[in-house]
Amino acid sequence: MITELPAIAQIAAALVSAMLISFIATPVVKSLAEKVGAVDVPKDNRRMHKHPIPRMGGLAIFLGFLLSTLVFVPLSTPLRGMLLGGVIIVVLGIIDDIHALPAMPKFIVQIAAALIAVLHGNVIQVLSNPNIFSENPYWVLGPWAIPISVIWIVAITNAVNLIDGLDGLAVGVATISSLTMLVIAMLVSDNLVALMMAALAGSCVGFLPYNHNPAKIFMGDTGSTFLGFVLATVSIQGLFKFYTIVSFAVPFLMLGLPLFDTCFAILRRLSKGQNPMSPDRSHVHHRLIDMGFNQKQAVAILYVISAILGLSAVVLTTSGALKAMVLLCALGFAGLIAARISLSHSEHQEKEEEKEADAYAAESHDHLRNPSGGGEDGPSGEGAGEQT
């Protein structure tokens with residue numbers, strides 16, 4: 001574990017500097033977003049806000065992370081690849097926040113950015129074998145290393161983007177995930193990963209006051225895809241390189257919430273014969289809102305779930321006999337909550353459909369009884385003024 005005072009002071013300095021840069025830059029980015037037309041207008045029922053709000057706030061997060069990283073982290077080849085890929089992701093996000101690009105071009109550019117990071121050394125070379133009874137403790141990926149690494153980065157990039165549906169949700173979950181990886185890096189004395197995660201956590205914390213409900217600015221695709229990209233890339237450097245059973249479980253626990261939501265969304269859309277990239281209003285945060293929670297309550301619930309999974313990831317790297325028990329309890333708890341949300345959403349949806357059907361039947365019945373729509377007073381009554 002990192003116990004040297006200079007190392008801890010450096011990590012704290014990276015976090016605080018990123019936080020201050022992000023906090024100061026966000027109002028500037030907000031003004032810029034309004035000028036270039038990067039504004040989110042509520043035009044469908046997936047959006048929770050009622051009036052136009054500037055987006056592209058992820059640019060402030062990017063600036064905080066970039067400047068802090070360049071100051072405190074030595075510029076290695078893998079870091080260069082991650083930063084170059086991150087710049088591509090941010091530029092793509094800015095364009096998308098202004099012009100709303102189609103899904104396929106964005107997906108292709110994300111693959112290219114991930115490939116740049118992977119070719120610079122951010123590669124998953126081995127995976128620990130989850131089969132504890134196997135003679136081989138880990139799998140050497142060989143020629144599969146590059147495609148699997150690209151798939152991992154693109155998947156996490158989009159997973160974080162998909163949960164960005166409520167004020168403060170995605171940036172808060174990213175903060176919890178980055179702090180989880182920060183603690184794990186300190187436990188295994190990986191100073192470089194700790195510094196990068198401190199910079200990422202600090203930039204998220206600096207932006208959060210502006211994004212907390214009611215949000216003054218959204219981070220948009222600029223921020224959500226960048227956060228996912230960095231978390232995925234750094235997790236390759238800091239988690240997958242350990243040849244133990246822990247290295248298989250920890251990344252999936254740390255990023256458990258966005259991964260679950262993404263997998264569930266893809267399966268749900270495929271089961272309905274829809275494009276897996278098509279947007280809908282059935283994400284886990286939408287289901288919480290439909291259950292009757294307000295935005296702050298829904299975000300708090302998802303923070304707690306994410307924190308439990310993150311804590312479990314930390315425990316898995318430190319304890320011995322408790323590892324399996326903690327893992328099972330955490331996954332079981334998250335599974336119960338997920339099942340409860342899904343069941344409650346289905347019941348709520350059925351009741352709403354029944355109410356709509358009853359209301360439509362009653363309206364049709366009234367119309368048949370009184371085709372003029374004028375109520376008992378006929379055309380000159382109270383309802384007459386609404387006829388066309």
Side-chain angles (χ1 to χ4, degrees), residues 58-59 61-63 65-96 101 103-128 138-161 174 177-178 181 184-185 188 190-197 199-200 203 221-243 247-248 250-252 254-255 258-259 262 277:
L59 183 58
I61 296 176
F62 169 71
L63 292 173
F65 174 80
L66 178 65
L67 296 177
S68 180
T69 299
L70 291 176
V71 170
F72 293 100
V73 184
L75 199 59
S76 61
T77 300
L79 179 59
R80 286 193 188 96
M82 184 189 72
L83 292 179
L84 181 57
V87 169
I88 294 173
I89 290 293
V90 168
V91 172
L92 174 67
I94 291 174
I95 297 173
D96 186 46
L101 300 174
M104 189 52 67
K106 292 192 293 183
F107 189 63
I108 294 173
V109 175
Q110 289 171 0
I111 292 175
L115 192 58
I116 289 174
V118 168
L119 293 178
H120 279 77
N122 299 286
V123 186
I124 305 172
Q125 299 286 2
V126 297
L127 279 178
S128 57
Y138 56 89
W139 300 322
V140 179
L141 298 180
W144 292 98
I146 290 178
I148 287 178
S149 300
V150 170
I151 290 172
W152 171 257
I153 293 175
V154 173
I156 300 303
T157 298
N158 286 282
V160 176
N161 183 36
S177 297
S178 56
M181 203 185 307
I184 293 173
V188 298
D190 193 335
N191 192 41
L192 296 182
V193 171
L195 286 170
M196 284 187 284
M197 287 296 94
L200 189 65
S203 60
D221 277 17
T222 306
S224 58
T225 53
F226 173 72
L227 290 177
F229 183 86
V230 173
L231 285 170
T233 307
V234 179
S235 71
I236 292 176
Q237 300 180 33
L239 297 177
F240 281 105
K241 65 184 180 183
F242 301 108
Y243 307 157
S247 67
F248 186 88
V250 167
F252 294 94
M254 184 190 73
L255 299 164
L259 280 173
T262 301
M277 295 184 180

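I124 CD1 to I236 CD1: the interatomic distance, rounded to the nearest 0.5 Å, is 4.5 Å. Expressed to the nearest 0.5 Å, how far CG of L227 lies from CD1 of I61 amounts to 5.0 Å. If you take CG on L200 and OG1 on T69, they are separated by 8.0 Å, rounding to the nearest 0.5 Å. Note that CE of M196 is 10.0 Å distant from CG of N191, once rounded to the nearest 0.5 Å. Summarising the geometry, atom CZ belonging to F72 is positioned 14.0 Å from atom CG belonging to L192; distances are rounded to the nearest 0.5 Å. Here the CH2-CD1 distance, from W144 to I151, works out to 8.5 Å after rounding to the nearest 0.5 Å.
Considering only heavy atoms from C-beta on, V160 stays 4.5 Å or farther from F229 through its side chain. Using a 4.5 Å heavy-atom cutoff, the side chains of M197 and V230 are in contact. Under the 4.5 Å side-chain criterion, counting only non-hydrogen atoms from C-beta, N122 is not in contact with S149. Side-chain contact between L70 and L83 is present, with heavy atoms from C-beta onward closer than 4.5 Å. With contacts defined as side-chain heavy-atom distances shorter than 4.5 Å, the pair L59/F226 does not qualify.
What you find for A145 and Q125 is that their closest heavy atoms are CB-OE1, 4.1 Å. Heavy-atom minimum distance, T222 versus G58: CG2-C, 3.9 Å. The nearest pair of heavy atoms linking V193 to A185 is CG1-CB, 3.8 Å.
Annotation: side-chain contact (heavy atoms from CB on, under 4.5 Å) contacts of L92 (sequence neighbours excluded): L101, K106, V109, Q110. With sequence neighbours left out, the side-chain contact (heavy atoms from CB on, under 4.5 Å) criterion links A112 to no other residue.
If you run side chain to side chain contact (heavy atoms under 4.5 Å, CB included) between I153 and each of I156, T157, V150, only T157 comes through.
A donor-acceptor pair under 3.5 Å links the side-chain atoms of S235 to the main chain of A232, judged by distance alone.
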